Amino acid sequence: MGFVGDTVESIRSMQIRQVLMQIISLGMIVTSALIIWKGLIVFTGSESPVVVVLSGSMEPGFKRGDILFLHMSKDPIRTGEIVVFNVDGREIPIVHRVIKVHERQDTAEVDILTKGDNNFGDDRLLYAHGQLWLQRHHIMGRAVGYLPYVGWVTIIMTEKPFIKYLLIGALGLLVITSKD
């Protein structure tokens with residue numbers, strides 16, 4: 001009959017109680033993932049504890065598709081650290097190295113200038129119009145570790161959404177039709 005026919009027949013033969021149990025199991029998996037994510041946010045102090053490097057601007061240190069683990073502490077940001085920051089008017093965070101830090105003596109505020117390791121100039125052209133420096137509230141976290149190439153899954157699913165929907169559908173179907 002084929003895979004699709006067998007799957008449809010499997011769903012028909014399931015009792016309502018089995019279907020409800022499978023739906024509850026799927027809900028528990030999704031809820032567990034959200035709880036783990038929120039726990040990581042609290043533990044790391046970063047609004048996004050894991051990010052994917054989306055461009056080659058940090059090569060050779062980090063390549064496109066690497067996953068970075070972030071932590072945000074109260075320690076002062078230092079020159080040479082790799083930070084992830086948001087710029088007003090842009091949705092996607094940027095991963096770059098801090099090249100200058102200026103602390104204002106009168107207000108104790110810190111001005112930060114960044115640059116991609118593989119870029120020719122600093123990031124002032126990436127900042128919001130008229131902005132010359134980043135402030136601490138722009139910084140999402142500091143890179144404390146990474147996994148090479150694992151982020152390609154995210155990049156592929158973002159660039160080719162049909163793969164994402166196909167994968168989600170297949171996983172949902174697998175959970176629903178599971179007999180355990």
Side-chain angles (χ1 to χ4, degrees), residues 29-165 167-168 171:
I29 291 168
V30 170
T31 302
S32 296
L34 289 173
I35 289 171
I36 290 169
W37 182 256
K38 290 297 183 182
L40 281 172
I41 289 172
V42 170
F43 178 72
T44 63
S46 175
E47 64 189 77
S48 182
V50 178
V51 295
V52 176
V53 177
L54 298 175
S55 74
S57 67
M58 285 302 292
E59 289 182 0
F62 297 118
K63 294 178 178 40
R64 187 170 192 241
D66 290 352
I67 289 184
L68 298 181
F69 300 102
L70 306 182
H71 187 267
M72 191 62 187
S73 64
K74 300 289 182 196
D75 297 335
I77 295 170
R78 304 270 185 231
T79 301
E81 289 185 319
I82 296 171
V83 296
V84 177
F85 60 92
N86 273 327
V87 176
D88 299 332
R90 289 183 179 241
E91 292 181 25
I92 299 175
I94 300 170
V95 179
H96 281 174
R97 188 178 305 276
V98 175
I99 59 170
K100 287 185 185 175
V101 177
H102 292 284
E103 185 173 344
R104 297 183 198 165
Q105 298 301 326
D106 54 341
T107 62
E109 287 184 26
V110 176
D111 290 332
I112 302 159
L113 182 62
T114 57
K115 175 188 175 295
D117 290 353
N118 200 23
N119 293 351
F120 292 111
D122 61 40
D123 290 342
R124 287 187 172 143
L125 293 175
L126 296 175
Y127 300 162
H129 182 69
Q131 182 180 2
L132 298 177
W133 301 89
L134 295 175
Q135 278 70 46
R136 189 166 180 96
H137 70 272
H138 292 110
I139 307 296
M140 294 172 55
R142 299 176 174 119
V144 293
Y146 79 103
L147 279 174
Y149 307 113
V150 179
W152 272 104
V153 174
T154 302
I155 292 171
I156 289 169
M157 287 196 292
T158 301
E159 291 177 355
K160 303 197 182 322
F162 74 92
I163 292 175
K164 175 174 49 177
Y165 299 127
L167 183 62
I168 290 171
L171 289 173

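We count residues from 1, following the sequence as given. Quick caveat, the model's predicted, so the values are computed rather than measured.
- Within 6.0 Å of CG on Leu132 lie more than 12 heavy atoms contributed by other residues, nucleotides or ligands.
- In this structure the side chain of Ser55 never reaches within 4.5 angstrom of the side chain of Phe62, judged on heavy atoms.
- Taken from OG1 in Thr154 to NZ in Lys164, the straight-line distance is 10.0 Å, to the nearest 0.5 Å.
- For the pair His129/Asp88, no side-chain contact is recorded, criterion being any heavy-atom separation below 4.5 Å from C-beta on.
- At a threshold of 4.5 Å between non-hydrogen side-chain atoms, the residues Arg97 and Ile82 count as touching.
- Proximity of Leu70 to Thr44: side-chain heavy atoms (C-beta onward) are nowhere separated by under 4.5 Å.
- Scanning both residues, Ile112 and Tyr127, for their nearest heavy atoms gives O-OH, 3.9 Å.
- Here Ile99 contributes atom CD1 and Thr79 contributes atom OG1; the two are 8.5 Å apart, rounded to the nearest 0.5 Å.
- Annotation: side chain of Ile41 is in contact with side chain of Lys38 (closest heavy-atom distance under 4.5 Å).
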Please walk me through it: do His102 and Val110 pass side-chain contact (heavy atoms from CB on, under 4.5 Å)?
CA-CA 6 Å; His102 292 284; Val110 176; over 6 Å; no

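- In terms of heavy-atom proximity, Val53 sits nearest to Ile155 at O-CD1, 3.8 Å.
- The distance from the NZ atom of Lys100 to the CG atom of Leu134 is 13.5 Å, given to the nearest 0.5 Å.
- Put simply, the side chain of Trp152 reaches to within 4.5 Å of the side chain of Arg64, judged on heavy atoms.
- For Asn118 (side chain) and Met58 (main-chain N/O), no donor-acceptor pair under 3.5 Å exists by modelled atom type.
- The two residues Leu54 and Ile92 make their nearest non-hydrogen contact at CD1-CG2, 3.5 Å.
- When all heavy atoms are compared, the tightest approach of Arg124 to Trp133 is NH2-CZ2, 3.1 Å.
- Across every non-hydrogen atom of Val52 and Ile67, the tightest pair is CG2-CG1, 4.1 Å.
- Residue Ser48 comes nearest to Met140 through the heavy atom pair CB-CE, 3.3 Å, listed as atom of the first residue, atom of the second, then distance.
- Between Arg90 and Leu126, some side-chain heavy-atom pair lies under the 4.5 Å cut-off.
- You'll find the side chain of Arg136 reaches within 4.5 Å of the side chain of Met72, heavy atoms only.
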